[in-house]
Amino acid sequence: IVAWIGLTWLATAVAQRAEAEIDLRAAYDELEANHQKLLALHDLGQNVATANDKQVVFELAARAPLHLTGASSSTVVTFNGENGENRLKLDMAWGLSENYLKALRHRIDAGVLSDRCRTCTVLHAHADGDCPLFVGLQEQARQEGIRSLVCLPIVQANERIAILSAYFPSAD
């Protein structure tokens with residue numbers, strides 16, 4: 001009986017050690033991935049700091065979600081369309097298919113007012129919702145595997161001048 005208890009205890013300890021080693025390896029892999037993201041974020045910050053043009057900053061911003069998150073694509077949308085009108089303007093897009101980009105450009109060129117995006121506080125939308133960046137594009141989004149987007153306001157002098165939208169294949 002003593003030998004059986006001892007062997008059981010020993011087997012349990014070995015199993016726990018194996019589980020701990022697996023957990024430790026997973027934690028190390030996650031730490032390494034986060035380290036790589038932090039390095040990429042640092043490089044992005046340096047590039048933004050040395051950028052001498054707003055378009056360069058927008059390009060860097062549009063590429064960032066693809067490198068730092070699980071985003072499949074991204075856009076930068078400003079709030080003043082042609083002739084200073086109160087409309088959205090698509091300034092930059094990365095990773096969108098040609099079909100989806102064409103449909104999005106057509107939607108925005110048709111005249112989407114910027115008020116809602118300028119004051120939005122939710123900053124997350126499902127493809128089947130009523131976000132101005134999805135209205136009329138729901139079916140196209142489903143076909144492209146886009147289920148949601150997350151917006152990050154771009155602020156200059158305490159005023160929201162644009163939004164960076166990252167498109168995701170997951171609804172959450």
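Side chains included, hydrogens not; waters and symmetry mates left out as well; all remaining heavy atoms used.
Taking CD1 from Ile108 and CG from Asp91, the interatomic distance works out to 9.5 Å, rounded to the nearest 0.5 Å. Taking CG from Leu149 and CD1 from Ile163, the interatomic distance works out to 8.0 Å, rounded to the nearest 0.5 Å. One finds the OG1 atom of Thr12 at 15.0 Å from the CZ atom of Arg17 (value rounded to the nearest 0.5 Å).
Scored by the side-chain contact (heavy atoms from CB on, under 4.5 Å) test, Ile5 finds Ile1 as partners (sequence neighbours excluded). Residues satisfying the salt bridge (charged side-chain N to carboxylate O under 4.0 Å, His left out) test with Glu19, not counting sequence neighbours, are none.
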Acceptor/donor pairs from residues 115-129 side chains to any protein atom, 3.5 angstrom cut, sequence neighbours excluded:
| from | atom 1 | to | atom 2 | distance (Å) |
| --- | --- | --- | --- | --- |
| Asp115 | OD1 | Asn86 | ND2 | 2.7 |
| Asp115 | OD2 | Asn86 | ND2 | 3.3 |
| Arg116 | NH1 | Asp130 | O | 2.7 |
| Arg116 | NH2 | Asp130 | OD1 | 3.1 |
| Thr119 | OG1 | Asp115 | O | 3.0 |
| His126 | ND1 | Ala171 | O | 3.2 |

All N/O donor-acceptor pairs, side-chain side in residues 34-43, below 3.5 Å, sequence neighbours left out:
| from | atom 1 | to | atom 2 | distance (Å) |
| --- | --- | --- | --- | --- |
| Asn34 | ND2 | Glu30 | O | 3.4 |
| Gln36 | NE2 | Glu32 | OE2 | 2.9 |

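Of all heavy-atom pairs spanning Ala141 and Phe134, the tightest one is CB-CE2, 4.2 Å. Here the closest non-hydrogen pair linking Thr75 and Ala93 is CG2-CB, 4.0 Å. When every heavy atom of Ser165 is checked against every heavy atom of Cys151, the shortest pair comes out as OG-SG, 3.2 Å. The heavy-atom pair separating Phe58 from Ala162 by the smallest distance is CZ-CB, 4.2 Å. In terms of heavy atoms, Ala166 sits closest to Pro65 at CB-CB, 3.7 Å. Among all heavy-atom pairs drawn from Gly95 and Ser73, the shortest one is C-CB, 3.4 Å.
Residue pairs that meet the side-chain hydrogen bond (donor to acceptor under 3.5 Å, both in side chains) test with at least one member in residues 96-110, sequence neighbours left out, are Ser97-Glu144. For residues 150-163, there are no side-chain hydrogen bond (donor to acceptor under 3.5 Å, both in side chains) pairs, not counting sequence neighbours.
Here the side chain of Glu59 pairs no donor or acceptor atom with the backbone of Val57 at under 3.5 angstrom.
Taking 4.5 Å as the limit, every side-chain heavy atom of Trp94 sits out of range of all side-chain heavy atoms of Val76. At a threshold of 4.5 Å between non-hydrogen side-chain atoms, the residues Met92 and Arg63 do not count as touching.
The side-chain contact (heavy atoms from CB on, under 4.5 Å) test with Val112 singles out one residue from Val77, Val135, Leu88, Leu133, and that residue is Leu88.
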